Amino acid sequence: MMKFPYPLLPAIALGATLALNGSIATAAIAATALPQVPSPALPYEQTVGDIEQVFAFDGPMPTGVTVADNGRIFVNFPRWGDDVPFTVAELRDGKAVPYPDIKINTPKGQPAAEAFISVQSVVMDSQNRLWVLDTAAPGFSAPQPGGAKLVAIDLDSNKVVKTIVFPKDVILDSTYLNDVRFDLSEGKAGTAYVTDSSMKGPGAIIVVDIASGKALRRLSGADSTSPDPDFVPVVEGRRLMNRAPDGTTSAFAVAADGIALPADGKVLYFSPLSGRHLYSVPTAMLRDDSIPDSKLIEAVKDLGEKGASDGLESDATGAVYATDYEHNAIHKRHADGSWTTIAHDPRILWPDTLSVAADGYLYFTANQLHRQPGFHGGKDLRKKPYSLFRVKLKK
C-alpha cells in the first residue's frame with residue numbers, strides 16, 4: 001500500500017486515484033471540518049500618556065520646535081533633500097509661515113552670514129528671543145564658509161538682533177551643528193552650548209560666549225560625544241542602517257546630538273544620536289579654556305541607559321526628558337536618577353525635538369526620519385503628514 005509522505009490534515013477532503021495490483025480504484029478520503037469559533041480579541045500595544053496632534057505637516061519634514069511663553073510656536077525644516085521653500089517658520093492660523101520673512105529664508109544671492117541656509121534647530125531664550133541654529137550644510141555637505149551661525153530674533157519686533165558666525169577653528173569640514181541651549185547668567189551676555197553631531201568626523205560640544213562670539217570646541221572625539229561602536233538600533237522592527245540603492249550598507253553612526261541644561265546651569269546633559277547612554281559634565285569646566293580635554297573627559301559622568309534619543313530637554317525642576325526613537329516614546333529622568341515613561345504611542349514615529357512650554361505641555365516633533373530613502377535603498381517610505389504633538393506634564 002502507498003504511504004503518503006505527509007500526515008493528512010483533518011480539514012482536507014482528498015480524492016485520490018490509486019493503482020492497486022494492476023487495477024484502478026478510486027478512494028475518497030473525507031474529514032470533518034473544524035468548528036467555526038469566534039475570533040478572540042487580539043492583544044495590542046498599550047499606550048502611555050494622552051498625546052494631542054497640534055499641527056500636521058504636509059510639506060517638508062520638520063526637526064526643531066520651540067514654544068514662546070505667549071504660546072507662539074516656531075519650527076524649522078532642514079534642507080536635507082525635500083523641497084524646502086523656507087527653513088524657519090512660525091505656525092500661525094493653521095499654516096506654517098516663513099519667519100521672520102521669506103527673504104532671510106532664501107539664501108541664493110545673499111552672503112552666507114545673512115541668510116538661513118539650512119536650519120537644524122530653533123530655541124527660545126528667557127529674553128523673548130528666538131535663536132536659530134544654522135548648520136549651513138544642506139544635504140549634510142561641508143558647512144559653507146561663514147555660514148554656520150547662531151541668529152537671535154526679537155519676538156516683539158520680529159527683527160534679527162544678533163548674529164554669531166562660528167569661528168573657523170571650531171567648525172570642521174565634517175561638522176553638523178545640531179542643537180543648542182543657553183545660560184544667560186554666565187558671561188557678559190550669556191553662554192550657548194551646541195552639539196556637533198557629525199556623521200563622518202569627531203563629535204563635540206561647542207561653547208560660545210554670546211557677547212564676543214568666542215567659541216571653544218570641547219570633548220572633540222571623546223567617547224561620550226561619539227557614536228557607540230556597539231550600538232545596533234532597531235526601529236519599527238528593522239535594524240536601522242544606511243542602505244544605498246546599489247545594495248551597500250553602513251552603520252548608522254551619528255555623534256553628539258541631544259542636549260539639555262537645567263535651570264541652575266551647573267550641569268550639561270548630552271548624548272550621541274547613535275547610542276543609548278546619557279552623559280553629564282560640569283558647565284564651569286566646559287567654559288574654562290585652561291582645563292584640557294584630557295581633564296574634562298575625566299569629569300564626564302555616564303548616567304546609564306535612557307533609550308536611543310534624538311532630542312533632550314529639561315524643566316524648571318531639573319527633570320530631564322529624552323525621546324526614544326526605537327520605542328515611539330518619551331521618558332522623564334527624575335532628580336533621584338529614576339526614569340518614567342510619559343508618552344508611548346505608535347503615532348510617535350521618530351520623536352525628534354522637545355520643548356517644555358509655559359502652558360504645562362511638552363511639545364515634540366515626530367518626523368519619520370528613519371523612513372527616509374537613505375535607510376531604504378533609495379525608497380522614501382515616509383507617509384505624510386508629519387506631526388507636532390504635545391503631552392500634558394504632571395506637576
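What's counted below: heavy atoms across the whole structure, side chains too, no hydrogens, waters or symmetry copies. Quantities reported herein were computed from a predicted structural model and do not represent experimental measurements.
- With N105 contributing its side chain and P98 its backbone, the two residues share no donor-acceptor pair below 3.5 Å.
- Side-chain contact between V119 and F77: absent, with no pair of heavy atoms (C-beta onward) separated by less than 4.5 Å.
- Looking only at atom types and distance, the side chain of N158 has a donor-acceptor partner in the side chain of Y99 under 3.5 Å away.
- Side-chain contact between S387 and L349 is absent, with no heavy atoms from C-beta onward closer than 4.5 Å.
- Taking the charged nitrogens against the carboxylate oxygens, K149 and D134 do have a contact shorter than 4.0 Å, which makes a salt bridge.
- Note that CZ of R72 and CZ of F74 are 4.0 Å apart. Values are rounded to the nearest 0.5 Å.
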**Message:** As a quick check of understanding, evaluate side chain to side chain donor-acceptor pair (under 3.5 Å) for S197 and N178, giving each step before the final call.
**Reply:** CA-CA 6 Å; S197 64; N178 197 292; 3.0 Å; yes

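- Between K266 and D183 there is no salt bridge, since none of the side-chain N atoms of the basic residue sits less than 4.0 Å from a carboxylate O of the acidic one.
- The pair R238-E236 does not meet the salt-bridge criterion, since no charged nitrogen lies less than 4.0 angstrom from a carboxylate oxygen.
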**Message:** Using the rule given for side chain to side chain contact (heavy atoms under 4.5 Å, CB included), can you reason through V391 versus E52, listing the C-alpha separation, both sets of side-chain angles and the distance that settles it, and then say yes or no?
**Reply:** CA-CA 6 Å; V391 63; E52 304 174 33; over 6 Å; no

**Request:** Would you please test W131 and D125 for side chain to side chain contact (heavy atoms under 4.5 Å, CB included) and show each step?
**Result:** CA-CA 7 Å; W131 286 90; D125 74 7; 2.8 Å; yes

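- A 4.5 Å side-chain heavy-atom check between V170 and L216 finds every atom pair outside the cut-off.
- A ring-centre distance under 6.0 Å is found for Y176 and F140.
- A cation-pi arrangement, defined by a distance under 6.0 Å to the six-membered ring centre and an angle within 45 degrees of its axis, is absent between K332 and Y321.
- Salt-bridge formation is not detected for the pair D93/K95: no Lys NZ or Arg NE/NH1/NH2 atom is positioned less than 4.0 Å from an Asp or Glu carboxylate oxygen.
- Checking side-chain atoms of D209 against main-chain N and O of A215 turns up no donor-acceptor pair under 3.5 Å.
- Between the side chains of D154 and S157, at least one donor N or O sits under 3.5 Å from an acceptor N or O.
- When atom types are taken as modelled, the side chain of D82 and the backbone of V84 share no donor-acceptor pair closer than 3.5 angstrom.
- Judged by distance alone, the side chain of T191 and the main-chain N or O of E186 form a donor-acceptor pair under 3.5 Å.
- Annotation: cation-pi geometry not satisfied between R243 and F375 (NZ/CZ under 6.0 angstrom from ring centroid, within 45° of ring axis).
- In this structure, CG in L278 is found 6.0 Å from NZ in K306, a value given to the nearest 0.5 Å.
- Side chains of Y325 and V235 form a contact here, defined as non-hydrogen atoms less than 4.5 Å apart.
- Distance check: N242 CG to T248 OG1 gives 9.0 Å after rounding to the nearest 0.5 Å.
- For the salt bridge (Lys or Arg N to Asp or Glu O under 4.0 Å) test with R218, the passing option among D289, D293, D196 is D293; the others fail.
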**Message:** Could you go through F364 and R390, starting from their C-alpha distance and side-chain angles, then the distance that decides it, and tell me whether this counts as side chain to side chain contact (heavy atoms under 4.5 Å, CB included)?
**Reply:** CA-CA 6 Å; F364 58 96; R390 70 177 185 176; 5.7 Å; no

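- A donor-acceptor distance shorter than 3.5 angstrom exists from the side chain of S274 to the backbone of F252, with no hydrogens or angles considered.
- Checked against the 6.0 Å centroid threshold, F270 and Y193 do not count as a close aromatic pair.
- Side chain of T283 to main chain of G265: a donor-acceptor pair is present (N/O by atom type, distance under 3.5 Å, no hydrogens or angles).
- Ion pair D380/R371 not flagged as a salt bridge, since none of the NZ, NE, NH1 or NH2 atoms sits closer than 4.0 Å to an Asp/Glu carboxylate oxygen.
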**Asked** Run the side chain to side chain contact (heavy atoms under 4.5 Å, CB included) check on I153 and V132 step by step: do they pass?
**Response** CA-CA 8 Å; I153 304 170; V132 175; 4.2 Å; yes

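- In this structure a side-chain-to-backbone donor-acceptor pair under 3.5 Å is missing from S224 to Y279.
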